[in-house]
Amino acid sequence: MRRSFMLLMALVLASCLSLPVLADEGMYPVTDLHGIDLRAKGLKLDVKDLYNPGGVSLIDAIVNIGGCTGSFVSPDGLILTNHHCAFGAVQAASTPQHDYVTHGFLANDRASEIRARGNTVRIIDSYRDVSADVLGALKEQMTPGERTRAITARTRAIVADAEAVQPGKRAEVAEMFAGRTYVLFVYTFLRDVRLVYVPPRGIGEFGGEEDNWMWPRHTGDFSFLRAYVAPDGSPAEYAPQNVPYHPKKFLRIQPRGVAEEDPVFVLGYPGRTFRHRTSHFLAYERDGRLPIVAELYENQIATMTRMGISDRGVALKYDARVKSLANSSKNYRGKLQGLHRLPLIVQKRDEEQRMQAFIEADPVMKARYGTMLKELGMVYAGLTDHALEDALFDNLRTSSAVLSLAVTVVEGNRELKKADLQRDAPYMEKNLGRTKDNVRLSLQNFHEPVDRALFADLLTRMRKLPAGTGGIVMDSVFRSIDQIGGMERWLDVMYGGATLRTPDAVFTLMEGPADVCETSADPFVRLARALAPVFAQRRADRQETDGTLTRLHADLVAVKMAFQKTSFIPDANSTMRLTVGRVRGYAPADATVYRPFTTLRGVVEKTTGVEPFTTPERVIALYRQGLFGRFVLPESKQLPVAMLYDLDTTGGNSGSPVMNAAGEVIGVNFDRTFEATINDYAWSEEYSRSIAVDIRYVLWVTEIVGGATHILRELGV
Ligand code: ASP
């Protein structure tokens, strides 16, 4: 009895106190910075230099830019981020006549800076723990689905209240530990972002997909953008009369760079990690989701690439989508390699067995948590069984742009009739402008033959699912394909009757009375209407699963804290994090050692003149003349290009400033190595390595190749 009491006390204490975070693994949330000894980690900074709610600190210079990270590097709102983060905007601004994707873009003055469509900027203003408020929405007798919906409704209300008292700001409730801790973040939200300098693709994306997620790397993956506000300083939509934003803080650039073993750190917005999940989740990833989605994407990429080969106009429309799918599928391949090579699942299973024994040793624990691991296993086994079906249905909403627009029309028409807070997020007043802009972009990037091919492929795959999986709607689609004489003829009828070909056509149906949608003869709109209850049911099922997982994961964290007698930091969740480490190479495989710096010599060695290994002639000429200026490496007399370090990063950290011990920018994070893709599941000093473009290469390309001396002047370099 006494032992049970002690254990329960340990559980309660562990969940209330924030115990010191583990030393090595480190994506520290701003909420957990207080316990970290930065000086012991080699930095010449204190926590308040990073985050100082009452004053000014480095965090004020870090932005979330469209899901990537960036940093202010001048008093006039100049932002340094990745080439690949600006890529969608560069593509949207390009035509075959003005092909900024291929040739790059440089604004010689402020007036020539062009709109970076689809980009917004967020800067943290404040945060507050709202766990009690969120969890207060839950009631004992709720079903898992009701719990999910209750949490969503409560977090939305908290966000709405926060935004009501601070008009113009954006609020967000982040789930730190599912079912346990929730933090409200309030952000300054800027909507006018412009392109300033983007290097040519032969620099910014040198090596393309072949080199993506690889080391040695020779990509100049950086770009400069600028945030604008209304003349009175308030955030505003794009307007020609807007003026540059003046951030509270901007980062200093260190043109001398860093050396091997120097301490470095990153502040940024890592997207998602899954370190606290169980072996069951990893098995689901390995045997279900990852291989299925990777193969699906690879097929779609092949289709889009093949159809764009002879027409640059078509290729341009699909460039960004190809790039994003390729980035994900290769990442999944890296993870699969890691899951097959490393004993992660076995190690987790061992730990879970010990945890189960720990639970069972105590009657109170056993009564409360005895079936927790088994239940987790059952949920993920179910998800594995449905992985193919889930992937195909998810893709049904996105693979064909016309069907996707029709779904938007049907959903929008329904949602816009509800009170703002009750609507699905894309249709809330504050998001409607973005949703409409996405519609415009989607139409701009539409090319019917490609769309048809993607749609046909998806339907063919769906048809191979076990009979009845798609329900009566899909069965009737397949029947009508047969009745009309095959897929091509069916597609002729579908696309022949498609009316959603202009933004106006989409918005008229979306914003019109219910009957305009109900009576529309457009075959895609009709299909989307028929699919609406199917999607609704799938969503309800997912909420049910999420609700169960939230409860089980909350229990898991509680048990793990008692079992390991420690507290730990939450998985990445797209909120601001700090990670500290060193510039360092590694040995990824038998007899292979990777040095931490690459140089321009490697760029020239790799250049074949064939995509993706083309290099602007000027770069080759400068290399031959050894014109590296003050950016040269002291010993080798080479120009550094990229570097490796053992920081703990993931997707979303793209574009993060890599800083030296004094907090000066010495690189721009843009990737991880192939072996490090697995660190979304488990970090290790052995294989976790991230990649940055060296600031010396950024400056050299900008000044010497791009001729943008005015940017270096603005940077104060
Ligand atoms: N290049 C990566 C991405 O954009 C960054 C990372 O995951 O480390 O997803």
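Order of listing sets the numbers, starting from 1, for every ligand and every atom in it.
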| ligand 1 and Trp213, any nitrogen or oxygen pair closer than 3.5 angstrom? | no
| Hey, is ligand 1 close enough to Asp671 that some N/O pair sits below 3.5 Å? | yes
| message | Quick test: of every protein heavy atom, which one is nearest to atom 8 (O) of ligand 1, and how far off is it to 0.1 Å? | response | Arg672 NE, 2.8 Å
| remark: Of all protein heavy atoms, the one nearest atom 5 (C) of ligand 1 is Ser654 OG, 3.2 Å
| request: Before accepting this row, confirm whether a basic side-chain N of the pair Arg341/Glu675 lies closer than 4.0 Å to the acidic partner's carboxylate O. | output: no
| Residues Arg277, Asp571: salt bridge by 4.0 Å N-O rule | no
| Rounded to the nearest 0.5 Å, how far apart are OH of Tyr238 and CD1 of Ile114? | 9.0 Å
| field | Atom indices of ligand 1 within 4.0 angstrom of Asn327 heavy atoms, with elements | value | 3 (C), 4 (O), 9 (O)
| task | State the atoms of ligand 1, each with its element, that fall below the 4.0 Å cut-off from a heavy-atom position in Phe670. | result | 1 (N), 2 (C), 5 (C)
| Do Phe281 and Phe274 make the cut of ring centroids closer than 6.0 angstrom? | yes
| request: List the steps and the verdict of ring-ring contact (aromatic ring centres under 6.0 Å, His included) for Phe72 and Tyr245. | output: CA-CA 10 Å; Phe72 286 120; Tyr245 173 70; 5.6 Å; yes
